[in-house]
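What follows is a short report on a single structure.
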Amino acid sequence: MKPQPLPRDFFLAPTERVARALLGTYLVHDTPEGKTVGRIVETEAYLRNDPACHAFRGPTPRNAAMFGPPGHAYVYFIYGMYHCFNVVTQPNGTGEAVLIRALEPVLGWELMENRRLKHRPSRAIAPARLCDGPGKLVIAMAIGRALNHHDLRKSPLTILPADAFQHPGVSAKQIARGPRIGIRQAADLELRFWIDGHPCVSGPRRQATQ
DNA sequence: AAACGGATGGGCT
DNA sequence: GCCCATCCGTTTG
């Protein structure tokens with residue numbers, strides 16, 4: 001039987017719990033160019049009463065998706081040239097989400113590499129560096145503003161459970177946590193989660209690779 | 001190995 | 001006008 005996308009109820013759990021539960025699941029994007037799949041290895045939670053959260057000061061045109069239905073995408077533009085991809089959590093109107101920060105490439109490696117090289121044609125990219133950051137994975141998976149508000153139970157962009165590719169999943173003991181990256185407000189909150197020691201995690205805390 | 005600055009443009013005070 | 005949920009190449013120790 002074909003694996004079914006994560007159901008709506010998955011995203012109704014407390015956001016911190018959803019951020020942990022997403023580790024080991026698979027982000028799948030079907031495009032005319034081909035299919036790409038990445039295993040989620042790093043996430044961050046953004047909460048309603050959290051000054052670092054885009055929804056903190058209430059709804060605006062930009063953050064509207066965060067106040068929309070759970071299990072939909074929130075895609076936003078940042079630093080004049082990048083996008084970030086989030087999954088909305090909690091009931092409609094709450095304003096919480098999980099940022100997807102890093103993927104382990106699973107399928108469509110060559111397509112992901114070509115997309116990355118188009119943005120940065122100067123050098124080769126090590127496999128573990130292909131999707132080790134929120135801006136990078138969005139380029140590799142070709143996730144753009146058009147997918148803002150997209151229902152992640154439907155084609156072309158879905159999230160499949162950890163067992164979809166015969167993987168046992170991620171146990172609580174394998175999950176590390178720490179402060180979120182790149183924010184000034186609420187910088188002390190430990191709302192970043194990753195698979196401990198995984199080579200595809202972003203930042204200095206990942207395991208040393210070559 | 002870590003620190004730093006430039007690119008680049010939308011969103012909000 | 002200032003602030004970014006970033007990335008990359010260069011410099012520094």
Side-chain angles (χ1 to χ4, degrees), chain A residues 11 15-16 18-20 22-23 27 38 40-68 72-90 94-103 105 112-149 152 176-194 197 199-210:
Chain A
F11 304 99
T15 299
E16 207 173 314
V18 176
R20 290 199 311 253
L22 280 171
L23 297 175
L27 185 61
I40 297 174
V41 298
E42 179 183 354
T43 60
E44 282 178 1
Y46 286 87
L47 309 178
R48 194 226 294 257
N49 290 317
D50 160 15
C53 179
H54 288 172
F56 183 64
R57 294 172 198 285
T60 68
R62 179 209 199 191
N63 65 21
M66 284 193 86
F67 292 93
H72 287 218
Y74 168 46
V75 181
Y76 68 89
F77 185 61
I78 189 72
Y79 291 120
M81 54 179 108
Y82 297 106
H83 294 272
C84 289
F85 167 69
N86 301 251
V87 183
V88 177
T89 60
Q90 297 293 289
T94 307
E96 302 198 347
V98 174
L99 170 70
I100 308 303
R101 280 199 59 90
L103 304 175
M112 293 189 197
E113 185 188 36
N114 287 337
R115 288 168 174 158
R116 287 286 317 284
L117 288 172
K118 217 177 291 181
H119 281 250
R120 186 244 229 183
S122 50
R123 289 186 191 183
I125 303 170
R129 304 283 77 84
L130 204 47
C131 299
D132 67 331
K136 295 180 186 180
L137 75 88
V138 156
I139 293 169
M141 298 285 292
I143 297 171
R145 284 200 73 95
L147 287 164
N148 195 25
H149 295 283
L152 293 163
R177 75 183 300 171
R180 294 170 293 183
I181 290 181
I183 55 164
R184 328 243 317 213
Q185 306 289 324
D188 53 317
L189 295 182
E190 299 203 329
L191 293 174
R192 173 177 174 238
F193 303 91
W194 66 95
C200 297
V201 168
S202 76
R205 306 189 79 131
R206 71 178 168 233
Q207 185 168 289
T209 58
Q210 64 252 354

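Per chain, numbering begins at 1; letters A, B, ... match sequence-line order.
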Give none if C:dA5 has no partner; otherwise give the nucleotide forming a Watson-Crick or G-U wobble pair with it, both distances under 3.5 Å. none
Any-strand Watson-Crick or G-U partner of B:dT8, both distances under 3.5 Å: none
So how far is it from A:E96 CD to A:Q90 CD, rounded to the nearest 0.5 Å? 5.0 Å
From A:N63 CG over to A:F56 CZ, what is the distance, rounded to the nearest 0.5 angstrom? 13.0 Å
Under 4.0 Å between a side-chain N/O of A:T60 and OP1 or OP2 of B:dC12, yes or no? yes
Specify the separation, in whole Å, of atom [atom1] of [X] and atom [atom2] of [N].
| X | N | atom1 | atom2 | result |
| --- | --- | --- | --- | --- |
| A:I125 | C:dG9 | CD1 | P | 9 Å |
| A:F77 | B:dT8 | CZ | P | 11 Å |
| A:E42 | C:dT6 | CD | P | 10 Å |
| A:H83 | B:dG9 | NE2 | P | 12 Å |

Which of these nucleotides, C:dC7, C:dC8, B:dC12, is closest to any side-chain atom of A:R120? C:dC8
Going by distance alone, is a donor N or O of one side chain under 3.5 Å from an acceptor N or O of the other, for A:T94 and A:R48? no
Reading DNA chain B from 5' onward, which residue's closest nucleotide shows up sooner: A:Y82 or A:R145? A:Y82
Heavy-atom closest contact (A:S202 atom, A:E42 atom, distance): N-OE1, 2.7 Å
Check A:M81 against A:F77 and note the closest heavy-atom contact, atom names and distance. N-CZ, 3.5 Å
Every protein N/O within reach of nucleotides 3-5 of chain C N/O, cut-off under 3.5 Å:
residue : atom : partner : partner atom : Å
C:dA5   : OP1  : A:H54   : NE2          : 3.0
C:dA5   : O4'  : A:Y46   : OH           : 3.4
C:dA5   : N9   : A:Y76   : OH           : 3.2
C:dA5   : N7   : A:A52   : O            : 3.4
C:dA5   : N7   : A:H54   : NE2          : 3.1
C:dA5   : N1   : A:N86   : OD1          : 2.4
C:dA5   : N3   : A:Y76   : OH           : 2.9

Pair up each side-chain donor or acceptor in residues 133-149 of chain A with any protein partner under 3.5 Å, not counting sequence neighbours, and list the distances.
residue : atom : partner : partner atom : Å
A:K136  : NZ   : A:D132  : OD1          : 2.7
A:N148  : OD1  : A:V75   : N            : 3.0

